[in-house]
There are 2 protein chains.
Amino acid sequence: MAKSYKQIPLHLNISEQIHQQIISGDYLPGAKLPSESKLIEQWQVSRITIRRAIANLVQQGLVATHQGKGAFVTQKRKVIYTLSNPLTFLEDDLANQGIELSLKNITFEPVTPPKEVQAILQLPLDNPTAYLQKKILLTDQEPGCVDITYILPEIGYQLESELKQNMTFPILELHNWKIERVKAIIECTNANLELSEYLDVPLGHPLLVYRHTAYTHNRPVVHGKSISRGDRFCYSVNQVETAFQQNQD
Amino acid sequence: MAKSYKQIPLHLNISEQIHQQIISGDYLPGAKLPSESKLIEQWQVSRITIRRAIANLVQQGLVATHQGKGAFVTQKRKVIYTLSNPLTFLEDDLANQGIELSLKNITFEPVTPPKEVQAILQLPLDNPTAYLQKKILLTDQEPGCVDITYILPEIGYQLESELKQNMTFPILELHNWKIERVKAIIECTNANLELSEYLDVPLGHPLLVYRHTAYTHNRPVVHGKSISRGDRFCYSVNQVETAFQQNQD
DNA sequence: ATTTAAAACTTGTTATAACAAGTGAAGTCA
DNA sequence: TGACTTCACTTGTTATAACAAGTTTTAAAT
């Protein structure tokens, strides 16, 4: 029979207690939690409740489950993106942290972008075409970031082969498209189906989004977003008082 | 009887289709989805599957549920934090966007901070005390951000009443603690129990974290984190080429 | 007419049950 | 020995059922 419940649901109670056990070191990072059947035995509740409790922990990023294997405490060492000069944005940064960076191209094709993107890139109304590139950044062989970028057609056509194998900004820099300004928005979301497959994370996993537009001679050249695993990445900012007077516009 | 399932689970199929309906405008922001019983009728599946499908949408931030009322499509208009001068960090920023800012103090007390914080604030080893402040920032009367900050004891003692009612940085500035540099990390997580109560969001809701340390004359004065609702806030950055040569250190 | 109480919605929690499917170890056959 | 199969163990999906608890509408009582 279904039992009554008061203020705090059972599944929450259980997940909070396991949470405490993880924090206190009863389960170290990488360790395997007891199997569902053992937890059912231990807590004397139904499987649905245990599963809900574990789902809570997964949602909080403390635990990751693998079908057929078990539930494991996640170990988080975050990769730091430094928000200073956009050109050194990634490669040097990651190299300094001893992280191997590789790249996998998913899509590279001319498309008609959505209205907002057409406006941002100032595409001609009679032929609003741009190259759409999707690529996955792998850090230490694991997918960590999806990059979805719209590129001006002349650039995309000219640099296709290089853009497919390298980071965008350095390649532009190499070919006389000097990036002088980047406007960016940092936000967070949860993984949808497409992203969860690209990044190998469960649906709803927290993700960091870096939406950017890069300018050369006050002309937008690329616009897109980089979506990183929130459990593995973060952004670093240095705000200096003097920057206030200098970058006023 | 339980039916077989192939690659794509039913609940995912359903949530993706509802997702499409939301995107295509069948359900506008703020609109109410059909009730669970109607969706069960519509899709000819069990309640547990419909609930799982809706849970997926909630997890992705597309839908919010209210017991006794229903499930509603969320309407997102994000508040923008500009990462330029830390002093104007919030108040001016939000005022420009026509957003009313108010503040609710939760905690203000002297504590012995954790080891990492002691080191960052360079507290004396024989008496490692600092003020711990927790406050909630409300934008347009709704809780949007939790601020958890450790403050040097002399500052906390002197400015207690003012810090309880105002933003931290402007108050410090007013009293000869000129903030010259802020080191910050931006990351994202999902809401745990404490944060979900403070911010009035479901467990696992995506959150933006701004971890910062502020310096006066190369001395750390405050260290803490601001945790904002990921569905309502984002950070804006302007990366300018010239900034590279100037802020080298 | 206003207030109160009941009823009819809604979503939230929990239990039991069965089958699907990934993983790894033990055992079988060549 | 080596490749294959089988089995036991794991988590994943779905169904049915009952009760808890907010919310709104309706009906009753004053």
Side-chain angles (χ1 to χ4, degrees), chain A residues 1-16 18 27 31-59 62-74 193 196-197 200-205, chain B residues 1-18 27 30-59 62-74 193 196-197 200-205:
Chain A
M1 27 55 196
K3 303 246 180 70
S4 65
Y5 69 96
K6 325 114 223 173
Q7 284 88 7
I8 298 177
L10 248 178
H11 63 83
L12 242 178
N13 193 341
I14 294 173
S15 61
E16 281 293 312
I18 296 178
Y27 301 116
K32 182 177 174 300
L33 292 186
S35 70
E36 289 179 359
S37 32
K38 276 173 196 157
L39 289 171
I40 290 168
E41 181 82 10
Q42 212 178 100
W43 290 91
Q44 292 292 308
V45 295
S46 74
R47 192 178 167 211
I48 209 172
T49 304
I50 285 295
R51 280 184 64 74
R52 179 81 186 266
I54 292 176
N56 290 339
L57 296 170
V58 170
Q59 210 164 25
L62 272 95
V63 162
T65 59
H66 300 283
Q67 187 172 354
K69 296 172 85 172
F72 300 84
V73 179
T74 53
L193 191 56
S196 70
E197 283 170 356
D200 191 27
V201 293
L203 203 72
H205 190 90
Chain B
M1 30 49 196
K3 304 245 181 72
S4 67
Y5 69 96
K6 324 116 223 173
Q7 284 87 9
I8 297 177
L10 247 178
H11 63 83
L12 241 178
N13 193 342
I14 294 174
S15 60
E16 281 293 312
Q17 292 211 35
I18 296 178
Y27 301 116
K32 182 178 174 298
L33 292 186
S35 70
E36 288 179 359
S37 33
K38 277 173 196 154
L39 288 171
I40 290 169
E41 181 82 9
Q42 212 177 99
W43 289 90
Q44 291 291 308
V45 296
S46 74
R47 193 178 166 210
I48 209 173
T49 304
I50 285 295
R51 281 184 64 74
R52 179 81 186 266
I54 291 175
N56 290 340
L57 296 170
V58 170
Q59 211 165 25
L62 273 95
V63 161
T65 59
H66 300 284
Q67 187 172 356
K69 296 172 87 173
F72 301 84
V73 179
T74 53
L193 192 56
S196 70
E197 283 170 358
D200 191 28
V201 293
L203 202 74
H205 189 90

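All values below come from the heavy atoms of this structure, side chains included, with hydrogens, waters and symmetry mates left out. Values in this document were obtained by computation on a predicted structure and should not be read as measured data. Letters go in sequence order (proteins before strands), and every chain restarts at 1.
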Under 3.5 Å, N/O pairs linking protein and nucleotides 8-10 of chain D:
unit_1  : atom_1 : unit_2   : atom_2 : d
dT10(D) : OP1    : Ser35(A) : OG     : 3.2

* Asked: the helix from dA1(C)-dT30(D) to dA30(C)-dT1(D): angle between its terminal axes, five pairs each, to 10°?
  -> 10°
* Is there a donor-acceptor pair under 3.5 Å between the side chain of Thr49(B) and the backbone N or O of Val45(B)? -> no
* Rounded distance in Å - CD1 (Ile50(B)) to P (dT14(D)) -> 11 Å
* In whole Å, what is the span from the CD1 atom of Ile48(A) to the C1' atom of dT13(D)? -> 11 Å
* Asked: What's the NE2-P distance between His11(A) and dA15(C), to the nearest Å?
  -> 11 Å
* So with a 6.0 Å cut-off around NZ of Lys32(A), is the heavy-atom count from everything else above 12? -> yes
* So, Thr74(B) side chain and Leu62(B) main chain: donor-acceptor pair closer than 3.5 Å or not? -> yes
* Could you tell me whether the side chain of Ile54(B) reaches within less than 4.5 Å of the side chain of Leu39(B), counting heavy atoms only? => yes
* To do: Report the distance from atom CG of Leu39(B) to atom P of dT10(C), rounded to the nearest whole Å.
  => 11 Å
* Mind checking whether Phe72(A) and Val63(A) have side chains closer than 4.5 Å, heavy atoms only? -> no
* When we call it a touch if two heavy atoms are under 4.0 Å apart, what does Arg51(A) touch: a base, just sugar-phosphate, or nothing? -> base
* Per Thr65(B) side chain, nearest of listed nucleotides dT11(D), dT11(C), dT14(D) -> dT11(C)
* To do: Describe the nucleic acid contact of Arg47(A) in one word from base, sugar-phosphate, nothing, applying a heavy-atom distance below 4.0 Å.
  => base
* Using whole Å, report how far CD1 of Ile54(B) lies from C1' of dG12(C). => 12 Å
* Looking at His11(B), Gln17(B), Glu16(B), which hits side chain to side chain contact (heavy atoms under 4.5 Å, CB included) with Asn13(B)? -> Gln17(B)
* CH2 of Trp43(A) versus P of dA15(C): gap in Å, rounded? -> 13 Å
* Round to a whole Å and report the spacing from CD1 of Ile40(B) to C1' of dC9(C). => 14 Å
* Tell me, with the steps shown, if Ser15(B) and Ile18(B) meet side chain to side chain contact (heavy atoms under 4.5 Å, CB included). => CA-CA 5 Å; Ser15(B) 60; Ile18(B) 296 178; 5.7 Å; no
* Leu193(A) to Leu203(A) - nearest heavy-atom pair and separation -> N-CD1, 3.6 Å
* **Minimum-distance nucleotide (side-chain atoms of Pro9(B) versus dA15(D), dG12(C), dT13(D))** => dT13(D)
* Separation of dT11(D) C1' from Leu57(A) CG (nearest whole Å) -> 15 Å
* To do: Would you please test Ile48(B) and Arg52(B) for side chain to side chain contact (heavy atoms under 4.5 Å, CB included) and show each step?
  => CA-CA 6 Å; Ile48(B) 209 173; Arg52(B) 179 81 186 266; over 6 Å; no
* Asked: Side-chain N or O of Thr49(A) less than 4.0 angstrom from OP1 or OP2 on dA15(C)?
  -> yes
